[in-house]
Amino acid sequence: MIRFGLCCIFKGEPIRFRRKTAASLKGLPRSRQLELLAEICRANAESLLSALAYCHERGIGDFRINSQILPLATHPEVGYQLRDLPGGDEIITAFKSCGELRRRHGLRTTFHPDQFVLLNSPSAEVTRHSLAELGYQAEVAELVGADVINIHGGGGYGDKPAALKRLVKRIKRLPQAVYRRLSLENDDRIYTPGELLPVCVETGVPLAYDVHHHRCLPDGLSVEEVSERARATWLEAGREPCFHLSSPRQGWTGPNPRLHHDYIQVEDFPAYWLACWLACRLGHQERITVEIEAKHKELAVLRLMAELAGRE
DNA sequence: AGCGGTCAAGTTGAT
DNA sequence: ATCAACTTGACCGCT
């Protein structure tokens, strides 16, 4: 069975996540900063509960949680811990309630730290920040029961083999709370599935296979082969596979196929995934998550689900 | 009240 | 040398 995933936000539904800018907090006394941040965290916990309830109602089995759910948590000047916020205990309880709803409905939740989180940077400073950010996301993941923290391979730094060695070394030293949730995703500019799979095998961290990125940055491996090898990395770790799908905004022959379309063109959905999972050829037990990266968000997920259901 | 420029962070490659 | 792209709007200071 395929579990479809919605990424971070909504297009049509009035469910919104709030944010805060560091600049707007800088001049304020610490206590006022914490008050404002607490209000946003509280509101975001509420929105997350609504998001999960919506997903459950509509048969969307997976929700990717925005990294900014606790805005500025690891910011060097205005950063904070949940328990330091006024009403912090209530906020923690609210996130735990999200976790209960998630578990009750069998939903999956994931995190995707953004581009600043780099485990292979030659800079100690960048690495330190990245580890702090991963630690923070693992804490929230713990509260809501999220089982994936997915990052890219990182930069190439002019020497990809050396960069991948650093990646392996740093992965092996990660705290358990991060490590057991981590996955690596092939990107559309630097690291292909073929380059990341050996890292995955060596570290036990699975490959979050993004087929759109693979089509933008091919490596000679077929979609079928990468799907199988990526699937194996997840099963080896005792985890449910998580793949990504999007369609190019202006088509595959347009000026920049990397840009995401509003919706998924159903022909971009790999036939192999359909054959294996939608048709349950591998058995009814096995599930795989396909997170849909499309600008129209839940509308795109629902449309794709309807179109694929019509094809069975 | 509404507008539009800006938002913590890194890296790359197109222009 | 600058800038958009990355998951993508939301926020905030100005009028």
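Letters A, B, ... mirror the listed sequences (proteins, then strands); counts begin at 1. If you're wondering where the values come from, they're calculated on a predicted model, not measured in any experiment.
A:Asp114 comes within contact range of at least one nucleobase, with a heavy-atom separation under 4.0 Å. The residue A:Gly156 sits close only to the backbone: its heavy atoms come under 4.0 Å of sugar-phosphate atoms, none of a base. Among the heavy atoms of the strands, none lies under 4.0 Å from A:Ser123. Across all strands, A:His129 comes closer than 4.0 Å to no nucleic acid atom at all (heavy-atom distances). Residue contacts shown for A:Gln68 include a base, since a base heavy atom lies under 4.0 Å away.
With a 4.5 Å cut-off on side-chain heavy atoms, A:Glu185 and A:Tyr191 do not count as touching.
Map A:His112 and A:Arg16 each onto its nearest nucleotide of DNA chain C; the residue landing nearer the 5' end is A:His112.
Rounded to whole Å, the P atom of B:dG4 lies 24 Å from the corresponding atom of C:dC6. Across B:dA8 and C:dC14, the matching P atoms stand 16 Å from one another, rounded to whole Å. The separation of B:dT6 from C:dT8, taken at their C1' atoms, amounts to 15 Å, rounded to a whole angstrom. Taking atom C1' on both nucleotides, B:dC7 is separated from C:dC3 by 16 Å, rounded to a whole Å. With both ends at atom P, the span from B:dG5 to C:dT7 equals 25 Å, rounded to whole Å.
Comment: A:Asp89 does not engage A:Arg83 in a salt bridge, judged by the lack of any side-chain N to carboxylate O separation of less than 4.0 angstrom. Ion pair A:Arg42/A:Glu39 flagged as a salt bridge, since at least one NZ, NE, NH1 or NH2 atom sits closer than 4.0 Å to an Asp/Glu carboxylate oxygen. Residues A:Arg249 and A:Asp262 are paired through a salt bridge, judged by an N-O separation under 4.0 Å between the basic side chain and the carboxylate.
Base pairing of C:dT8: no nucleotide in any strand meets the Watson-Crick or G-U wobble criterion (both distances under 3.5 Å). Across all strands shown, B:dA9 remains unpaired; no Watson-Crick or G-U wobble contact has both distances below 3.5 Å.
If you take NZ of A:Lys11 and C1' of C:dA10, they are 14 Å apart, rounded to a whole angstrom. The distance from atom CD1 of A:Ile40 to atom P of C:dG9 is 19 Å, rounded to the nearest whole Å. As a whole-Å value, the separation of A:His260 NE2 from C:dT8 C1' is 12 Å. Rounded to whole Å, atom C1' of C:dC12 lies 12 Å from atom CG of A:Leu28. Atom CD1 in A:Ile69 sits about 15 Å away from atom C1' in C:dG9, given to the nearest Å. Rounded to whole Å, atom P of C:dA10 lies 15 Å from atom NZ of A:Lys20. Rounded to whole angstrom, the span from the CG atom of A:Leu72 across to the P atom of C:dC11 amounts to 12 Å. In this structure, CD of A:Gln115 is placed 14 Å from C1' of C:dC3, rounded to the nearest angstrom.
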Stepwise side chain to side chain contact (heavy atoms under 4.5 Å, CB included) check, A:Phe243 with A:Leu207: CA-CA 8 Å; A:Phe243 293 175; A:Leu207 180 72; over 6 Å; no
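For an aromatic pair to be called close, the ring centres must be under 6.0 Å apart, and A:His260 with A:His212 satisfies this.
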Got a list of side-chain donor-acceptor pairs under 3.5 Å for residues 53-63 of chain A, not counting sequence neighbours?
from: A:His56; atom 1: NE2; to: A:His105; atom 2: ND1; distance (Å): 3.2

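Ranking C:dT8, C:dT7, C:dC11 by closeness to the A:Lys295 side chain, first place goes to C:dT8.
A distance of 7.5 Å separates CD in A:Glu195 from CG in A:Asp219, rounded to the nearest 0.5 Å.
Taking a heavy-atom distance under 4.0 Å as the criterion, the stretch of DNA chain B touched by chain A extends 5' to 3' from B:dA8 to B:dG13.
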